[in-house]
Protein chains: 2
Amino acid sequence: MEAQEATISRGRPREFCVDAALSAALGVFWSKGYEGASLSELTEAMGVTRPSLYAAFGNKEALFRKALDLYEREKLTFMVAALEAPTARGVAERILTNALSMQTSASGPRGCLSVIHSVACGAEAESIKAEVVARRASSEAALRRRFDQAKVDGDFEEGADPAALVRYLMTILQGMAVQAGSGVPRESLEQLVATTLSLWPGR
Amino acid sequence: MEAQEATISRGRPREFCVDAALSAALGVFWSKGYEGASLSELTEAMGVTRPSLYAAFGNKEALFRKALDLYEREKLTFMVAALEAPTARGVAERILTNALSMQTSASGPRGCLSVIHSVACGAEAESIKAEVVARRASSEAALRRRFDQAKVDGDFEEGADPAALVRYLMTILQGMAVQAGSGVPRESLEQLVATTLSLWPGR
DNA sequence: GCGCTTCCATACCGATCAATATAGAAGCGG
DNA sequence: CCGCTTCTATATTGATCGGTATGGAAGCGC
């Protein structure tokens, strides 16, 4: 009933590329946060007028959710790929190095879109925060399953708790995102990854 | 010249306690962030009318800086105290447990005021973010000096890099703050502290 | 008690926010 | 070429933002 999503193209066709516009919106949300990104900034970066944005995406919150979909689609890709490493140490190494390159890429904004939106916020972003936190649970669950298998494989020392190591690794990832967003140079974060791996228990 | 800071009390005395009002403001900033905290929320929580707030504190940004002073005064207290532990491991343990209790206290908001304001934000909070990031450097420097001494004391293994361990510990602290702000239960964070300490190198 | 100073309360300011009404321009099927 | 649909462009909506002007109430020194 609403937004029939590109029917058989009746009437004047739209003049901009929805994917490109969404990618531009993601860049703004990533560098400013949901509340910090005004519609004026968004429309300018997207090269789209305000009514066009509302016709194509619904409203600001729906636009953010679509941008979050795009972000997680890419992020989850490398996350899933990392899980295929042969050992738990290999999984941690891939996740850390991939997160490092993602959070310090010269092109895009620094830091992590999810981390940005999982800390304190105003009233209008409460539901955004809740969704981001909820989505993170699925990544954690996948990592948890992989580490459970790793324990069976004997990757950890006797008595190690896979859940605790998931928590530990996620904490370092999120801390790294905070530092990247604070402007800590890439070399320092490479040092952080090296330190973490040197302390990683088991194989 | 401006704000003669409580002269010999001429005229009508103010009816509210400045310290209590500032403490209430800190609570709002802590749970909502600088941009997320509106003046209406602040004045209501502080029990102070808008003009009184401006007369006593200047403006919103000045109020935040005073609240940040108050916050860091308490936080730096336990940080300095932690540095007096006899070994690097003891320092890490005290910092982690103190941060844990601070970020998950039942009374106050969860998470860390500084971490909240060191991620992405809108234009109006850029200077706030810059200040928070700058202030963190002093904490890091103090910890760095302590770990340099620890290396001299032989607390670390041969070839360990104190600067890298400072980076590592700060990262875990910040990641823990993100998790606390996301609603991760206290027991999980206690588990995180235990894991971190079990992996800590040296004594 | 008087006068001066300072504080509190209400109402208001311009700016900006997200969201839309209106109207003209552009492409399709017939 | 016509009529219908859907696009874009401008201007505007009501609400809220941070910040203040105005006026009356309250306490001090004298």
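Protein chains get the first letters and strands the later ones, always in sequence-line order, with residue 1 at the start of each.
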In whole Å, what is the span from the [atom1] atom of [X] to the [atom2] atom of [N]?
{"X": "B:Glu35", "N": "C:dA18", "atom1": "CD", "atom2": "P", "result": "12 Å"}
{"X": "A:Leu53", "N": "C:dC17", "atom1": "CG", "atom2": "C1'", "result": "15 Å"}
{"X": "B:Lys32", "N": "D:dC17", "atom1": "NZ", "atom2": "P", "result": "10 Å"}
{"X": "B:Glu61", "N": "D:dG19", "atom1": "CD", "atom2": "C1'", "result": "14 Å"}
{"X": "B:Phe57", "N": "D:dG19", "atom1": "CZ", "atom2": "P", "result": "14 Å"}
{"X": "A:Lys60", "N": "C:dA18", "atom1": "NZ", "atom2": "P", "result": "4 Å"}
{"X": "B:Met46", "N": "C:dA9", "atom1": "CE", "atom2": "P", "result": "14 Å"}
{"X": "B:Glu44", "N": "C:dA9", "atom1": "CD", "atom2": "C1'", "result": "16 Å"}

Nearest of [options] to any side-chain atom of [X]?
{"X": "B:Arg14", "options": "D:dT20, D:dG18, C:dC7", "answer": "C:dC7"}
{"X": "A:Leu39", "options": "C:dA19, C:dA9, D:dG18", "answer": "C:dA19"}
{"X": "B:Tyr54", "options": "C:dA18, D:dT8, D:dG18", "answer": "D:dG18"}
{"X": "A:Asn59", "options": "C:dA19, D:dA9, D:dC17", "answer": "C:dA19"}
{"X": "B:Pro51", "options": "C:dA9, D:dT8, D:dG18", "answer": "C:dA9"}
{"X": "A:Ser38", "options": "C:dC8, C:dA19, C:dC17", "answer": "C:dC17"}

Taking for each residue the nucleotide of DNA chain C with the nearest heavy atom, is it A:Gly58 or A:Ser40 whose nucleotide lies nearer the 5' end?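 Result of the comparison: A:Ser40.
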For DNA chain C, whose closest nucleotide is more 5', that of A:Glu41 or that of B:Arg50?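 Residue closer to the 5' terminus by nearest nucleotide: B:Arg50.
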Is B:Ala123 touching bases, backbone alone, or none of the nucleic acid, heavy atoms closer than 4.0 Å?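 Here B:Ala123 touches no strand at all.
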Are side-chain heavy atoms of A:Leu165 and A:Pro201 found at a separation under 4.5 Å?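 A side-chain contact exists here, since the closest heavy-atom pair is under 4.5 Å.
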Do B:Arg50 and B:Ser40 get their side chains close enough for a donor-acceptor pair, meaning under 3.5 Å?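 Present: a donor and an acceptor within the cut-off.
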Do you see a donor-acceptor pair shorter than 3.5 Å between the side chains of B:Gln191 and A:Asp161?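 Result is yes, a qualifying pair exists.
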Give the ring-plane orientation class for A:Phe64 versus A:Phe29, where under 30° counts as parallel, over 60° as perpendicular and anything between as tilted.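 Rings of A:Phe64 and A:Phe29: perpendicular, over 60°.
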N or O in side chain of B:Ser52 less than 4.0 angstrom from C:dC7 OP1/OP2: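 Checking B:Ser52 against C:dC7: no side-chain N or O falls below 4.0 Å of OP1 or OP2.
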With side-chain contact (heavy atoms from CB on, under 4.5 Å) as the test, pick out the partner of A:Ser139 among A:Lys75, A:Met79, A:Glu72.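 Of the listed options, the one satisfying the test is A:Met79.
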